[in-house]
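Comments concern the structure below.
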Amino acid sequence: MHRISRRDFVRSSIVCGIGISVTSCMTKVQSTGQKKTRYIAAYDTESPACLAACRKIVEVHKRFEMPATFFILGKTLDANPDEYRQLLDDPLFEIATHTYTHQMLRDNDFCGSAVSMDERREEIFKGKEAVERVFERPCIGLRPGCGFDNALKDEPKVLEMIQQAGIRYVSSLLWGPDYSLPALLREPFNYKAEGFPDIWELPGHGWHENLLKDHNQWGPKRLTLWPSPFPQALPDGFCETPEDEFEVNKVFLNRALETDKSFVSLIWHPWSLHQFDSDMKMLELTFTHVQRLGMRPCTYAQLYEQVSGMVRS
Ligand SMILES: [Zn+2]
């Protein structure tokens, strides 16, 4: 993608105005009381290259006083526990688990089949244990490797293990319908239908940013849905610059505000962000936009507290 196409420009102008987009959007937001949309910066931290990336990411977060949730793979954490603790042990950050070794907790069309129930148990329990051992604070959230297009619906055995482990929320809905991208702006829900009303699903939204840049080297792939439920969110090609990526992010942020969503959170990976944009310019552009829009930054744990009724917003 080079520049935003005329088609997308026209569409984005419908969402938030032309030229004076931010001012226009803010006026609308203030007049309709929509400014309560929360924004969560979240990172699936899952490979050796993530450590150097997190150093850069943390620097930007501290500069912007922007909270974040780091979903960390147990194996990645155990490879550098002291370094991660030193880097991320900060009141701004929530540390949650991304399982222990990224094995699938249910079948995923792109990432493969689920492992055995015993292995799934180990992924959940060991992942949580690693976070709590290294950071000496409770780990209440789990984002399964890759995520799914139907969250953990109809997976009562997995939900039971999650409950036994003491996990309070999962962030597993990370794809659009029929394993398409982007993941739509879905709201939180609980697993009452499966018999677990106390476990909440707090989805992720947008693209898995690594795929926007072909960082998995999949090349062209059948990834989008037709008819598209969100055509404005489909760039014409792979992102080539941090500005390209920001343009895609903006579509989700503006739409979340415009449609009065309770929150928006994009699916980011430190290794991929660093490989593409080692100065983290995209983060600066995105956080600046979030602040201008008047969104309320928080962590997934804080969103959980709100939706589960632990605190009033
Ligand atoms: Zn992952």
Side-chain angles (χ1 to χ4, degrees), residues 40-54 57 68-80 84 87-88 93-115 119-120 122-131 134 139-152 155 158 162 165 167 169-176 179-183 186 201-218 221 223 245 265-277 282-283 299-301:
I40 305 175
Y43 301 92
D44 296 356
T45 310
E46 58 193 16
S47 68
C50 286
L51 182 57
C54 282
I57 289 167
T69 294
F70 289 84
F71 294 104
I72 306 189
L73 203 65
K75 192 174 130 189
T76 302
L77 187 54
D78 277 346
N80 291 288
Y84 273 111
L87 196 57
L88 302 181
F93 305 138
E94 174 199 5
I95 316 301
T97 177
H98 193 38
T99 72
Y100 197 76
T101 66
H102 218 268
Q103 302 277 7
M104 294 300 99
L105 298 190
R106 78 181 303 177
D107 295 345
N108 177 302
D109 278 10
F110 289 99
C111 301
S113 304
V115 292
E119 289 168 297
R120 288 188 243 185
E122 193 161 297
E123 287 294 315
I124 296 164
F125 277 74
K126 274 185 76 177
K128 180 176 190 276
E129 184 276 330
V131 170
V134 172
C139 167
I140 66 160
L142 162 71
R143 172 169 286 177
C146 294
F148 315 106
D149 73 341
N150 198 21
L152 289 173
E155 282 283 359
V158 176
I162 285 168
I167 296 286
Y169 77 83
V170 287
S171 181
S172 71
L173 181 51
L174 305 177
W175 297 79
Y179 276 103
S180 62
L181 286 179
R186 297 284 306 274
E201 171 67 41
L202 308 178
H205 305 131
W207 291 81
H208 296 217
E209 53 69 38
N210 47 316
L211 300 183
L212 271 181
K213 305 152 187 170
D214 198 23
H215 280 175
N216 288 30
Q217 297 176 325
W218 286 357
K221 194 93 176 165
L223 272 179
E245 189 176 2
S265 184
L266 303 169
I267 304 161
W268 290 349
H269 307 77
W271 62 269
S272 173
L273 297 177
H274 195 238
Q275 185 180 325
F276 183 70
D277 171 23
M282 181 283 285
L283 293 191
T299 63
Y300 268 99

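Atoms within a ligand are numbered from 1 in the order they appear, just like the ligands themselves. All residue numbers refer to positions in the sequence shown, counting from 1. Note that these values count all heavy atoms, side chains included, but never hydrogens, waters or copies made by symmetry.
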The Zn ion (ligand 1) to nearest N/O/S of D44 below 2.8 Å | no

Quick one: closest heavy-atom pair of F93 and L88, and the distance?
-> CD1-O, 3.6 Å

Please find out if the Zn ion (ligand 1) and some N, O or S atom of H98 are separated by less than 2.8 Å.
-> yes

Using modelled atom types only, decide if a donor and an acceptor are shared between the side chain of N108 and the backbone of F148 within a distance under 3.5 Å.
-> no

Could you tell me how the ring of F71 sits relative to the ring of H98: parallel (under 30°), tilted (30 to 60°) or perpendicular (over 60°)?
-> tilted

Is the Zn ion (ligand 1) less than 2.8 Å from an N/O/S atom of H102, whether that atom is in the backbone or a side chain?
-> yes

Shortest-distance N/O/S atom, E46 versus the Zn ion (ligand 1) | OE1

So among K126, K75, E123, which one has a side-chain hydrogen bond (donor to acceptor under 3.5 Å, both in side chains) with T101?
-> E123

